[in-house]
Every structure is written in C-alpha cells, then in structure tokens.
Number of protein chains: 2
Amino acid sequence: MAKRSVRLSRDAIIDCATALADAEGLEAVTIRRLAQENGVTPMAMYWHFNDKDSLLDGLAEHLIASVKLPEPGDGMWDEQLRAILVAFLDAIRPHPALAGLALRRILVAEPGLRLAERVLDLLRQAGFGPEQAAEVGTFLMCAVITLVVGDPMAAKAAVGGDAAADMRHKQAMLQALEPGRYPNLIAAAPALVSCRGQDDYFTINIDLLVQGVRGTRRN
Amino acid sequence: MAKRSVRLSRDAIIDCATALADAEGLEAVTIRRLAQENGVTPMAMYWHFNDKDSLLDGLAEHLIASVKLPEPGDGMWDEQLRAILVAFLDAIRPHPALAGLALRRILVAEPGLRLAERVLDLLRQAGFGPEQAAEVGTFLMCAVITLVVGDPMAAKAAVGGDAAADMRHKQAMLQALEPGRYPNLIAAAPALVSCRGQDDYFTINIDLLVQGVRGTRRN
DNA sequence: ACCTGAACACCGTTCAAGT
DNA sequence: ACCTGAACACCGTTCAAGT
C-alpha cells in the first residue's frame with residue numbers, strides 16, 4: 001500500500017482519507033495509517049494539516065463541495081427546497097462514514113455556506129423570518145445528514161464483519177419479543193432492520209421534512 | 001479523584017461515565033480514566049464490561065431508560081406523538097455528549113424497545129402501514145437525537161475552551177461575508193450561531209416533525 | 001518547501017496471576 | 001467473584017534536525 005506518486009498534497013491526502021473511510025470506516029482514518037498508505041512518515045502529515053481536526057475539517061469541506069446544487073430556478077419554494085435537500089442527500093449518501101463530520105462543519109467553509117444560503121433563501125420565500133429560517137434551516141441540514149448516518153450500511157465496515165448476518169440476528173431478536181407487549185415492533189421487524197439505506201426510507205422522510213416546513217410556516 | 005466507595009459495580013461505573021461525559025465530553029470517557037476516577041486498575045473495568053463498546057451500550061441504555069414515557073392516554077395521535085418526542089428530547093437534552101450513542105442503539109435494549117413500540121403504535125393510529133411506520137418512526141427518533149447532538153453547548157466541554165468567545169468569533173465571520181452573495185446568512189447570523197440549544201429551536205423543529213408526519217400519512 | 005527520527009503521553013486489550 | 005501487573009499494539013503530537 002506504500003506507494004508514492006512523486007509528491008504529497010493536501011488533496012491527495014484528502015482523497016486517500018475519503019477512500020479509506022468509505023472502505024473501513026472513519027476510525028481507520030488515522031494520521032499514521034494515512035502516512036503508511038502514502039509511503040511517508042506520520043509527521044509528514046503535519047506539514048499539510050495543522051492537526052487531525054483540521055484534516056477532518058478538510059474531509060467535511062471536500063464532502064460538502066461535492067453537492068451538485070441545482071440552479072436557483074423558478075419553481076415553487078417547496079419543490080426547490082426538496083431539490084436542494086435531495087442534492088445534499090445524494091452527495092453524502094456514498095460516504096456515510098464521513099457524513100457525521102458535516103454536522104458541526106456546515107458553516108465553516110465556502111461550500112457549506114453556499115448550501116446554507118440557498119436553504120435560508122427558500123425558507124424566507126416560504127415566509128419564515130430570519131430567526132426561524134435559521135432554526136429550521138439548521139435542523140433540515142442536520143436531519144438530512146442523520147438520514148445517512150443512521151444507515152446501517154455505514155456500520156458494516158465499522159463492525160468489519162458480516163452485515164447480513166447481523167441484520168438477520170437483529171430481526172430474529174425482534175420477532176422473538178413478547179407479542180403482548182411489542183406487537184408493532186414485531187409487525188415492523190423486517191422493515192426496522194432493513195429500511196434505512198433503502199430509497200424508500202430517504203424519499204418518505206425527505207417528504208416528511210418538506211411537508212413539515214410547509215405546515216410550520218406562518219402564512 | 002481516586003476514591004473507592006467499597007466495591008465497584010456496573011451502575012456505579014455508568015453513573016461515573018455519564019458525569020464524566022457531561023463535564024468533559026465523550027472523548028474523556030476512557031477505560032483508563034474511569035479506572036483512575038474510581039481508584040482502581042484499568043483492567044478492573046473488564047470484569048464489569050466485556051469491552052469499551054459494551055460500556056457504551058450500557059451508557060446508551062441508561063440514557064434511554066431515563067425517558068419519562070407519558071401514559072398511553074386518550075388524546076389525538078399527533079398530540080400523543082408530540083408528547084413522546086418531547087419526553088425523549090427532555091431526557092437526552094441534559095446529556096448532549098451521550099445522545100449520539102443512542103442513534104444506533106435504540107433497538108438493542110428494553111427502554112428503547114418500549115419507546116419505539118409506542119412511536120410505532122401512534123404512527124399506525126395515524127394511518128401508516130407497518131413498513132412506513134418503521135421508516136418514519138426510525139427517522140423521528142434519530143431526528144430528535146440530532147436536535148441535541150447539533151447543540152453547540154455539547155461542543156463546549158469537548159473544545160474545552162471558551163464557548164462564548166467561539167460563538168462571537170463565528171458570528172463575526174458570518175457578518176463579514178460578502179453581502180451580495182450571502183444576504184440571508186448575514187441576516188440570520190445571530191440566530192445561526194446561537195439558535196441551537198434554545199427552547200425555541202427545539203419546539204419549532206419538534207413541531208416541524210409532527211406536522212411532517214401529518215402531511216405524509218395516507219388518509 | 002517538504003520530510004525524517006526519536007521521544008512522550010496517551011489509548012484499548014490480552015493473559016496470567018493473585019485473593 | 002473481583003481485582004492486579006506486566007506487556008502489546010496502537011494512537012496524536014512535539015521538537016529538533018535533515019535536504
């Protein structure tokens with residue numbers, strides 16, 4: 001794994017870290033591991049990044065920069081809002097191990113600022129004041145992130161082991177609950193263990209968020 | 001800090017870990033630190049817990065067990081659902097550093113199962129089928145957790161330093177953006193940096209979730 | 001400008017052993 | 001049943017030094 005393309009760069013490290021997180025989870029993203037992966041000494045990383053936290057900042061920024069923001073368009077605010085949330089979702093879905101990093105880092109770099117500005121703009125169009133737009137907009141972006149962080153496929157690499165066996169095990173456990181006390185859990189057992197990560201899970205809950213915004217605004 | 005009450009117990013360790021997480025953040029919760037805090041060898045922890053992950057399981061279960069579930073009641077499903085989400089929120093709000101642990105652990109112990117069963121029951125009453133109830137219910141609980149994980153007060157202890165100064169700094173940064181490109185961020189700057197953690201933030205977004213459920217159901 | 005070497009203070013965990 | 005001691009393989013990070 002210790003290959004050295006010629007020179008090390010911030011971007012190369014970030015790409016490497018992203019691939020590593022996708023393949024083995026965020027806890028595999030380590031200063032020492034990244035160094036090893038690039039055929040370099042751990043301390044070489046400290047030339048390109050101040051410390052590990054700024055490496056994580058870079059990962060989050062790179063992730064958010066991959067959002068394909070739709071053009072400001074002329075449709076209704078709710079359809080435009082949905083389109084933006086879906087664009088955000090689509091960008092982070094391939095990287096569930098990194099999505100959580102964005103929770104606290106949306107407003108720290110330009111790509112996140114652009115995303116947030118667009119969300120706030122649409123919420124203002126929907127009739128929210130500046131404060132309410134801030135509160136709702138912040139939550140909407142966090143909620144979309146949660147949609148993919150809750151994805152059990154994200155845990156696959158983390159646990160390292162057999163995800164399918166784990167799902168079968170959890171479902172069997174739910175099915176084995178006392179029918180008198182947990183009728184709904186038993187009825188929903190198959191969906192509970194496999195719903196997250198399915199397209200249906202994302203679309204229905206994005207819909208819930210947009211409908212919630214519509215129901216919450218003043219006018 | 002090395003006091004020893006007589007004997008070590010699972011519950012004592014969990015209480016200690018909870019206090020530690022509240023005071024210094026989750027990354028201060030360490031096998032070695034817990035041992036030191038209890039005047040004991042690190043390896044003593046392994047008698048009470050298989051490994052660190054099962055310690056975290058215990059912390060999450062203890063947290064969820066503190067939810068004061070309202071009685072099944074006779075009101076409308078949406079009012080009951082709001083009451084349950086608020087009860088969940090109130091329980092985890094005092095422990096923002098631990099809330100994230102519950103994201104993947106709701107269905108692993110009895111308190112979480114009881115909570116989930118109640119949520120699913122109300123969603124069925126609202127007209128959702130078993131699969132949709134599972135998808136929406138899972139998301140609702142995750143979204144409530146996100147409400148407190150996104151709380152910047154949770155980062156206060158983690159960063160260790162001056163949270164107020166950090167907020168002033170972030171707000172100044174937002175105010176200094178180009179007015180042409182980020183008018184809404186500038187207008188919402190005060191709310192963006194301080195909205196989370198405020199009661200208003202929680203109530204408006206819990207409302208958004210409940211309204212979203214109402215708008216999403218079939219009948 | 002970019003990287004190395006040695007060292008420090010931390011982690012979680014295992015394994016054998018004590019009482 | 002409950003805890004200790006020594007050891008192992010990992011962390012992030014600093015500081016001085018090399019080219």
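Worth saying up front: this structure is predicted, and the values here are computed from it rather than measured. Here is the naming used below: chain letters follow the sequence lines, and residue numbers restart at 1 for every chain.
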| request: Tell me which nucleotide among D:dC3, C:dC3, C:dT13 gets nearest to the side chain of A:Val40. | output: C:dC3
| request: Kindly write out the residues that satisfy salt bridge (charged side-chain N to carboxylate O under 4.0 Å, His left out) with A:Glu71, not counting sequence neighbours, or none if the list is empty. | output: none
| Separation of C:dC2 P from A:Met45 CE (nearest whole Å) | 13 Å
| task | Would you check if the side chain of B:Asp199 reaches a backbone N or O of B:Phe202 as a donor-acceptor pair within less than 3.5 Å? | result | no
| task | Kindly compute the distance separating NE2 (B:His48) from CG (B:Asp11), expressed to the nearest 0.5 Å. | result | 11.0 Å
| task | Please report, rounded to the nearest Å, how far the C1' atom of D:dC11 is from the CG atom of A:Leu26. | result | 14 Å
| request: Find the distance B:Asp53:CG to C:dC11:P and express it as a whole number of Å. | output: 18 Å
| request: Give DNA chain C the dot-bracket treatment, 5' to 3': Watson-Crick (N1-N3 with N6-O4 or O6-N4) or G-U (N1-O2, O6-N3) under 3.5 Å, [ ] crossing, | other strand. | output: ||.|||||...|||||.||
| task | Sequence neighbours left out, what passes salt bridge (charged side-chain N to carboxylate O under 4.0 Å, His left out) with A:Asp90? Give chain and number order. | result | none
| CZ of A:Arg32 versus C1' of C:dA9: gap in Å, rounded? | 12 Å
| remark: Rounded to whole Å, CH2 of B:Trp47 lies from C1' of C:dG12 at a distance of 20 Å
| query | Taking only residues two or more places apart in sequence, or in another chain, which ones meet A:Tyr182 in a side chain to side chain donor-acceptor pair (under 3.5 Å)? | reply | B:Glu110
Protein-nucleic acid N or O pairs under 3.5 Å, nucleotides 15-19 of chain D:
none

| task | Name the residue closer to the 5' end of DNA chain C, choosing between B:Val29 and A:Pro42 according to the nucleotide with the nearest heavy atom. | result | A:Pro42
| What distance, rounded to whole Å, do you find between the two P atoms, one in D:dC2 and one in C:dA17? | 22 Å
| query | Which residues pass the salt bridge (charged side-chain N to carboxylate O under 4.0 Å, His left out) test with A:Asp121, sequence neighbours left out? | reply | none
| request: Using whole Å, report how far OH of B:Tyr46 lies from C1' of C:dT14. | output: 9 Å
| query | For B:Leu185, does its backbone N or O pair with a side-chain atom of A:Glu117 as donor and acceptor, under 3.5 Å? | reply | yes
| Under-4.0 Å side-chain N/O to phosphate OP1/OP2 contact, A:His48 with C:dC3 | yes
| Would a distance-only check, ignoring hydrogens and angles, find a side-chain to backbone donor-acceptor pair under 3.5 Å from A:Ser9 to A:Ala12? | yes
| note | Looking only at C:dT4, D:dC2, C:dC3, the nucleotide nearest the B:Arg7 side chain is D:dC2
| field | Nearest-neighbour nucleotide for the A:Leu8 side chain, D:dC3, C:dT4, C:dC3 considered | value | C:dC3
| remark: Rounded to whole Å, the CD1-C1' distance (B:Ile13 to D:dC3) equals 12 Å
| task | For the pair A:Thr203 (side chain) and A:Asp200 (backbone), establish whether a donor and an acceptor sit closer than 3.5 Å, ignoring hydrogens and angles. | result | yes
| Roughly, in whole Å, what's the span from CG in A:Asn38 to C1' in C:dC3? | 13 Å
| said: Is the shortest side-chain heavy-atom distance between A:Ile84 and A:Val119 below 4.5 Å? | reply: yes
| request: Check whether any side-chain nitrogen or oxygen of B:Thr30 sits under 4.0 Å from OP1 or OP2 of C:dG12, and answer yes or no. | output: yes
